[in-house]
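Worksheet: one structure, shown below.
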Amino acid sequence: MKDLVFSTNNQHKVEEVQQKLQGLCQIRTLKEFGCTDDIPEDHDTLEGNASQKSHYLFDKYGCNCFSDDTGLEVEALNGEPGVYSARYAGEAKDPEANMNKLLQKLEGNNNRKARFRTVISLIIDGEEHFFEGIVNGKILTKRHGEKGFGYDPIFQPDGYDRSFAELSMDEKNAISHRGRAVEKLFAFLKDYTPKK
C-alpha cells in the first residue's frame, strides 16, 4: 500500500491513526507532504467537511488521501456543538473556552447523554469511501484527567468510570470514535486491490 496523506497536522490524531493501521501504510501529515494551504472546512455536516478536505487534496495533488471530521453531539442541546465542536466558543478554537461554554449550557440539566462521532472520507484511486465511528457516553459536571485533547476531560464513555482524559492512549484507542472509524478504514485498506 502506498503512502496515504492525512489531511491534518494534529500529531495526536496521527499517532492514534498510525497505531490503528499497524504499519499497513505510511501516514503523512500535510506538513510532511508539503501542503501549507489553509484547507477549507465550511460545510454544515461532518460528512461534508471530511469530503471537502479530501477532495481539496485530491484535486490539487492527485494523491491518495483521507480526512476526518469529528463532532461532540449532546442530546439535551439538540446535537450541539456537533460540526462546530472545535470552534464552539469562537474562531480561536480554544478547548478550555469550548468546555466552559458546554458546561455552562448544561448547568442544572440532568440529561448529560452525549456521543462523539467521527466521519472519515478516503479518496483512493480517485474513488471516495466513507467510514463512521461513534462512542456514546455522558458529559461530566467538571474536568477530570490530564491526557487527551479537546473535550476529553469532560466526556465519560459508557461502561467506564473515568473520562477520556484519564484513559491511556491504548484504552482510548480501543473504544474511541476515531479508533472505530479507523478500524473500518483499516479493514477496507487491508483487502483493497489498487487499480491498475
Side-chain angles (χ1 to χ4, degrees), residues 7-8 10 12-13 16-17 20 40-54 66-122 128-187:
S7 174
T8 188
N10 182 324
H12 287 291
K13 282 187 183 184
E16 210 172 310
V17 169
K20 280 277 182 198
E41 198 177 352
D42 51 24
H43 285 248
D44 56 7
T45 64
L46 299 176
E47 289 80 1
N49 275 344
S51 183
Q52 182 180 25
K53 290 187 283 186
S54 288
F66 69 101
S67 303
D68 74 326
D69 200 21
T70 293
L72 174 64
E73 301 171 339
V74 179
E75 189 175 272
L77 302 177
N78 301 313
E80 273 186 31
V83 73
Y84 304 106
S85 293
R87 53 188 186 278
Y88 194 41
E91 288 304 317
K93 297 185 176 180
D94 177 359
E96 290 301 316
N98 289 337
M99 280 191 280
N100 288 341
K101 180 175 179 178
L102 184 60
L103 290 173
Q104 202 173 356
K105 280 194 135 186
L106 279 178
E107 210 167 303
N109 197 319
N110 291 327
N111 180 5
R112 315 290 292 190
K113 277 189 196 165
R115 68 179 190 173
F116 269 117
R117 189 164 73 92
T118 291
V119 175
I120 290 175
S121 156
L122 166 74
E128 185 172 24
H129 306 269
F130 286 98
F131 309 94
E132 182 189 63
I134 290 172
V135 62
N136 293 304
K138 67 178 183 182
I139 302 298
L140 299 166
T141 53
K142 58 179 193 237
R143 294 165 178 73
H144 294 270
E146 301 296 326
K147 300 186 192 83
F149 57 101
Y151 295 90
D152 286 358
I154 60 170
F155 181 82
Q156 182 177 304
D158 285 351
Y160 285 75
D161 58 2
R162 289 171 292 159
S163 76
F164 258 174
E166 294 174 295
L167 301 179
S168 69
M169 185 182 271
D170 285 346
E171 287 176 307
K172 185 184 167 187
N173 274 355
I175 59 160
S176 84
H177 43 293
R178 187 173 297 104
R180 286 172 175 172
V182 173
E183 267 166 22
K184 293 175 185 175
L185 171 71
F186 174 74

Open item on the list: Closer than 3.5 angstrom, by distance alone: can the side chain of Ser85 be matched with the main-chain N or O of Gly82 as a donor-acceptor pair?
Closed with: yes
- [ ] For the residue pair Arg117 and Asn136, confirm or rule out a side-chain donor-acceptor distance under 3.5 Å.
- [x] no
- [ ] Compare all side-chain heavy atoms of Val74 with those of Glu80 and state whether any distance is below 4.5 angstrom.
- [x] no
Open item on the list: Please find the pair of heavy atoms, one from Asp69 and one from Thr45, that lie closest to each other, and give the distance.
Closed with: OD2-O, 4.4 Å
TODO: Examine the side chains of Glu171 and Tyr160 and answer whether a donor and an acceptor come within less than 3.5 Å of each other.
DONE: no
Task: The single option from Asp42, Leu46, Thr70 passing side-chain contact (heavy atoms from CB on, under 4.5 Å) against Val83 - done: Leu46
Task: Lys172/Glu166 ion pair, N-O < 4.0 Å - done: no
Task: Taking every non-hydrogen atom, the tightest pair across Glu41 and Arg87 - done: O-NH2, 4.0 Å
Task: Between Asp161 and Gln156: side-chain donor-acceptor atoms closer than 3.5 Å - done: no
Task: N/O donor-acceptor pair under 3.5 Å between Arg180 side chain and Ile175 backbone - done: yes
TODO: Please report the C-alpha distance between Asn49 and Asp44 in whole Å, then the side-chain angles of each, then the deciding distance to 0.1 Å, and finally whether the side chain to side chain contact (heavy atoms under 4.5 Å, CB included) criterion is met.
DONE: CA-CA 7 Å; Asn49 275 344; Asp44 56 7; over 6 Å; no
Open item on the list: Could you check whether any side-chain N or O of Asn111 sits under 3.5 Å from a backbone N or O of Lys113, counting only pairs where one atom can act as donor and the other as acceptor?
Closed with: yes
Task: His144 backbone acceptor or donor facing Ser163 side chain under 3.5 Å - done: yes
- [ ] Say whether, by atom type as modelled, one donor and one acceptor occur between the side chain of Arg112 and the main chain of Ala76 under 3.5 angstrom.
- [x] no
TODO: Determine whether the side chains of Glu128 and Ser121 contain a donor N or O and an acceptor N or O closer than 3.5 Å.
DONE: yes
TODO: Kindly give the heavy-atom pair with the smallest separation between Tyr88 and Pro81, and that separation in Å.
DONE: CD1-CB, 3.3 Å
TODO: Would you check if the side chain of Lys53 reaches a backbone N or O of Asp68 as a donor-acceptor pair within less than 3.5 Å?
DONE: yes
Task: Heavy-atom pair of closest approach, residues Gly145 and Pro153 - done: O-CB, 4.3 Å
Open item on the list: Check this for me, if you would: do Glu132 and Lys184 make a salt bridge, where the nitrogen-to-carboxylate-oxygen distance has to be below 4.0 angstrom?
Closed with: no
TODO: Identify the two heavy atoms, one from Ala114 and one from Phe155, that lie closest to each other, and give their separation to 0.1 Å.
DONE: O-CE1, 3.9 Å
- [ ] Enter the distance from Ile120:CD1 to Ser67:OG here, rounded to the nearest 0.5 Å.
- [x] 9.5 Å
TODO: Decide yes or no for Arg178 and Glu183: does some side-chain heavy atom of the first lie under 4.5 Å from some side-chain heavy atom of the second?
DONE: no
Open item on the list: Return the NZ to CZ distance between Lys147 and Arg162, rounded to the nearest 0.5 Å.
Closed with: 8.0 Å
TODO: Write down the atom of Ser51, the atom of Phe130, and the distance for their closest heavy-atom approach.
DONE: CB-CZ, 3.9 Å
- [ ] Please lay out, stage by stage, how Ile134 and His177 fare under the test side chain to side chain contact (heavy atoms under 4.5 Å, CB included).
- [x] CA-CA 5 Å; Ile134 290 172; His177 43 293; 5.8 Å; no
Open item on the list: Do the side chains of Lys138 and Glu75 get close enough for a salt bridge, i.e. N-O under 4.0 angstrom?
Closed with: no
Task: Any side-chain heavy-atom pair of Lys101 and Leu106 under 4.5 Å - done: no
Open item on the list: Side chains of Leu103 and Ile154, heavy atoms from C-beta outward: is any pair under 4.5 Å?
Closed with: yes
Open item on the list: More than 12 heavy atoms of other residues, nucleotides or ligands under 6.0 Å from CG of Asn78: yes or no?
Closed with: no
Open item on the list: Apply side chain to side chain contact (heavy atoms under 4.5 Å, CB included) to residues Arg115 and Val135 and explain how you reach the verdict.
Closed with: CA-CA 6 Å; Arg115 68 179 190 173; Val135 62; over 6 Å; no
TODO: Output yes when a side-chain donor or acceptor of Asn98 lies under 3.5 Å from a complementary backbone atom of Ala86, and no otherwise.
DONE: yes
Open item on the list: Donor-acceptor check, side chain of Thr118 to backbone of Gly133, threshold 3.5 angstrom: yes or no?
Closed with: no
- [ ] Measure up the Phe116 and Phe164 rings against each other and bin them: parallel (under 30°), tilted (30 to 60°), perpendicular (over 60°).
- [x] parallel
Task: Full working for side chain to side chain contact (heavy atoms under 4.5 Å, CB included) between Asp152 and Leu167 - done: CA-CA 9 Å; Asp152 286 358; Leu167 301 179; over 6 Å; no
